[in-house]
Amino acid sequence: MPKAAKKQQEPSGPFGDMFPYRETFEIYRELPKKSRPPEDVMRELRSIAREENSHWQTGQISGTYYHGGMEHYAYLNRVFALFSHVNLLQRDMCPSGTKFEGEIIAMTARMLGAALAREKDPQADVCGAITSGGTESIILPMLAYREKAKAERAITAPEMVVPETIHPAFSKGAHFFGIKLIRVPVGADYLADVDAMRRAIGPNTIAIAGSAANYPHGLIDPIEKLSDLALEAGVGLHVDSCFGGFILPWIAKLGYDVPPFDFRLPGVTSMSCDTHKWGYGLKGASVVLYRNRALRRRMYFAMTDWQGGLYASPTVAGSRSEGISASTWAAMVTLGEDGYLKATRRIMKAADTIKSGVAKIPELKIIGKPTYCIAITSDKVDIFHVNDFLVERGWRVNGLQRPAGFHLCVTLPQTLPGVATRFVRDIAAGVEYARNPPATPARSGAVYGGGASSLDPSMVNELMLAWLDASTEVP
């Protein structure tokens with residue numbers, strides 16, 4: 001329930017204010033003695049939602065909210081409510097879960113070249129599973145490759161070779177599953193260096209990986225060459241398309257130059273693709289795909305001798321709400337190809353406006369040849385001072401490092417009238433600000449998913465762990 005506001009706020013930490021509601025709402029450290037009326041709770045939650053929605057609905061936040069519109073999500077929430085209580089472990093009670101998930105997988109596989117793969121290779125039978133998000137869709141194939149290599153090649157010290165721009169989920173999976181991750185520097189074009197990756201492959205290599213597109217710069221690695229390399233080395237190739245799988249096919253249909261990156265390439269053996277980004281489904285859902293069923297089997301877990309009966313699950317989670325799968329299915333069949341094309345056309349119009357505007361500012365440099373995610377750096381001004389200025393203007397872009405920079409990932413909120421041109425105008429003003437910045441260092445930095453922050457390199461790891469601690473605390 002609301003509280004009287006205090007006059008002084010506690011100081012914000014290096015990641016901003018973690019507890020903005022401590023002054024306005026009751027803090028619960030134990031269950032309330034008496035029940036609260038639902039309408040009272042809903043008033044509090046609506047107030048919080050309005051406050052937080054106001055931050056991104058301006059279109060000034062990079063990525064983060066891959067939003068299909070408030071009406072669209074109100075519709076998906078109604079679908080979710082129909083199945084929110086259903087546990088997908090009990091498929092005998094909810095055969096609809098099999099309908100939803102099987103069709104999501106089939107539609108995603110078709111979008112990513114499964115039919116063409118089958119035409120070229122009768123052994124290709126693209127299949128998959130629904131996961132909780134991109135990280136799970138990345139680490140499960142790592143497990144599958146490890147188990148395959150152990151069974152077929154007796155490898156006990158598995159290694160994977162990846163470009164250094166690959167998502168941190170690969171490092172997380174390597175940590176979880178005892179895999180040595182060999183991160184190879186990218187080339188001068190910021191794309192995977194195929195020759196360097198070839199040299200890094202050894203007798204314990206179980207798979208290689210590439211991105212379509214990568215998160216830092218929005219660039220598509222040379223997947224066709226990586227496919228050839230995987231076939232040459234006799235190892236698997238995972239294409240992480242969490243960030244691009246539901247938009248790159250439509251960008252290609254609009255006539256943009258998008259190189260092949262999916263199962264059309266014979267060396268591609270698995271892919272990750274998030275439905276909760278440009279698939280416009282609810283958080284969190286993703287699809288992991290495999291070239292054949294035998295490889296998918298390697299990620300499964302089954303137990304036959306437990307006192308509680310037979311147990312088997314395809315992914316990390318046991319119990320899962322069918323509401324996520326039902327709403328994801330509803331998003332896909334409601335939008336259809338024409339809906340995705342329409343949304344992508346709007347996104348690319350905004351992205352093209354931003355790219356052409358930034359290209360006219362001599363102090364700035366766009367990294368590579370991006371499509372919808374535009375990474376910007378500078379060797380003329382401190383790019384983080386430019387970012388500081390953008391923050392003051394209400395923008396929240398994503399900071400990058402090596403090289404220092406930031407990117408703006410264009411989603412539907414950036415297609416609102418005037419947003420793209422406002423960004424170009426504000427970044428140009430930011431460059432003027434950075435020409436003669438304050439004597440103090442820039443406040444901005446590079447924190448994945450955390451916006452701008454100033455960090456002493458010697459304290460980075462400890463601060464990140466402290467932030468994780470704080471994110472589960474009460475003030």
Side-chain angles (χ1 to χ4, degrees), residues 11-17 55-56 58-64 165 186-190 214-219 349-411 413-460 463:
S12 296
F15 295 91
D17 187 358
H55 298 316
W56 63 264
T58 61
Q60 292 186 253
I61 291 182
S62 170
T64 309
T165 48
V186 294
D189 56 3
Y190 297 95
N214 66 41
Y215 173 84
H217 311 125
L219 305 179
K349 181 180 179 182
D352 289 345
T353 297
I354 291 168
K355 284 183 287 187
S356 62
V358 171
K360 296 173 183 175
I361 303 173
E363 293 85 357
L364 300 180
K365 176 184 176 183
I366 294 175
I367 295 176
K369 296 179 180 179
T371 49
Y372 53 88
C373 180
I374 304 135
I376 300 167
T377 187
S378 177
D379 55 9
K380 302 287 197 305
V381 296
D382 184 336
I383 198 68
F384 290 136
H385 276 302
V386 178
N387 194 7
D388 283 353
F389 183 87
L390 291 175
V391 170
E392 292 298 319
R393 290 288 177 95
W395 294 94
R396 182 187 183 274
V397 294
N398 298 97
L400 308 173
Q401 57 185 340
R402 296 187 301 116
F406 53 77
H407 77 220
L408 180 68
C409 177
V410 181
T411 60
Q414 281 78 56
T415 69
L416 293 170
V419 173
T421 53
R422 188 187 319 138
F423 179 78
V424 172
R425 184 175 65 246
D426 285 349
I427 199 172
V431 168
E432 291 302 315
Y433 168 83
R435 288 177 187 276
N436 295 289
T440 55
R443 299 185 302 277
S444 302
V447 183
Y448 175 79
S453 181
S454 177
L455 294 172
D456 181 336
S458 67
M459 300 175 64
V460 169
L463 280 172

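Side chains included, hydrogens not; waters and symmetry mates left out as well; all remaining heavy atoms used.
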> Quick check: does any side chain N or O of H407 sit under 3.5 Å from a backbone N or O of S62, one acting as donor and the other as acceptor?
Replying inline: no

> Side-chain contact, heavy-atom cut-off 4.5 Å: V381 with P437?
Replying inline: no

>> Let me confirm one number: the OG1-CZ distance from T377 to R402, rounded to the nearest 0.5 Å.
In response: 13.0 Å

>> Tell me the closest heavy-atom pair linking A375 and P216, and the distance in Å.
In response: CB-O, 3.7 Å

>> Ignoring hydrogens, what is the shortest heavy-atom contact between Y190 and N214? Give both atom names and the distance.
In response: O-ND2, 4.1 Å

>> Would you compute the distance between atom CD1 of I61 and atom SG of C409 and round it to the nearest 0.5 angstrom?
In response: 12.5 Å

>> Using 0.5 Å steps for rounding, measure from the CZ atom of R422 to the CD1 atom of I354.
In response: 11.0 Å

>> How close do G357 and V424 get, counting heavy atoms only, and between which atoms?
In response: CA-CG1, 3.8 Å

> Distance from I383 atom CD1 to E363 atom CD, nearest 0.5 Å?
Replying inline: 10.0 Å

> In chain order, what residues pass the side-chain contact (heavy atoms from CB on, under 4.5 Å) check against T415, with sequence neighbours excluded?
Replying inline: R346, I347, A350, L412

>> Looking at every non-hydrogen atom in both residues, tell me the closest pair between L219 and D189 and how far apart they are.
In response: CD1-O, 3.8 Å

> If you measure from CG on L400 to CZ on F384, what distance do you get to the nearest 0.5 Å?
Replying inline: 7.5 Å

> Which residues satisfy the side-chain contact (heavy atoms from CB on, under 4.5 Å) test with P438, sequence neighbours excluded?
Replying inline: H385, Y433, T440

> Quick one: does K380's side chain get under 4.5 Å of R435's, heavy atoms only?
Replying inline: no

>> With rounding to the nearest 0.5 angstrom, report the OG1 to NE2 distance, T165 to H217.
In response: 7.5 Å

> Taking side chain as C-beta onward, heavy atoms only, is F389 less than 4.5 Å from E432?
Replying inline: no

> What are the two closest heavy atoms between I427 and V358, and how far apart are they?
Replying inline: CG2-CG2, 4.4 Å

>> Taking side-chain contact (heavy atoms from CB on, under 4.5 Å) as the definition, give me every residue that meets it alongside K355, ordered by chain and number, with sequence neighbours left out.
In response: M348, A351, D352, I366, P370, I374

> Looking only at heavy atoms, what is the nearest atom pair of Q414 and T411, with distance?
Replying inline: OE1-N, 2.7 Å

> Given side chains that start at C-beta, do those of F406 and V386 come closer than 4.5 Å, heavy atoms only?
Replying inline: yes

> Are side-chain heavy atoms of V397 and F423 found at a separation under 4.5 Å?
Replying inline: yes

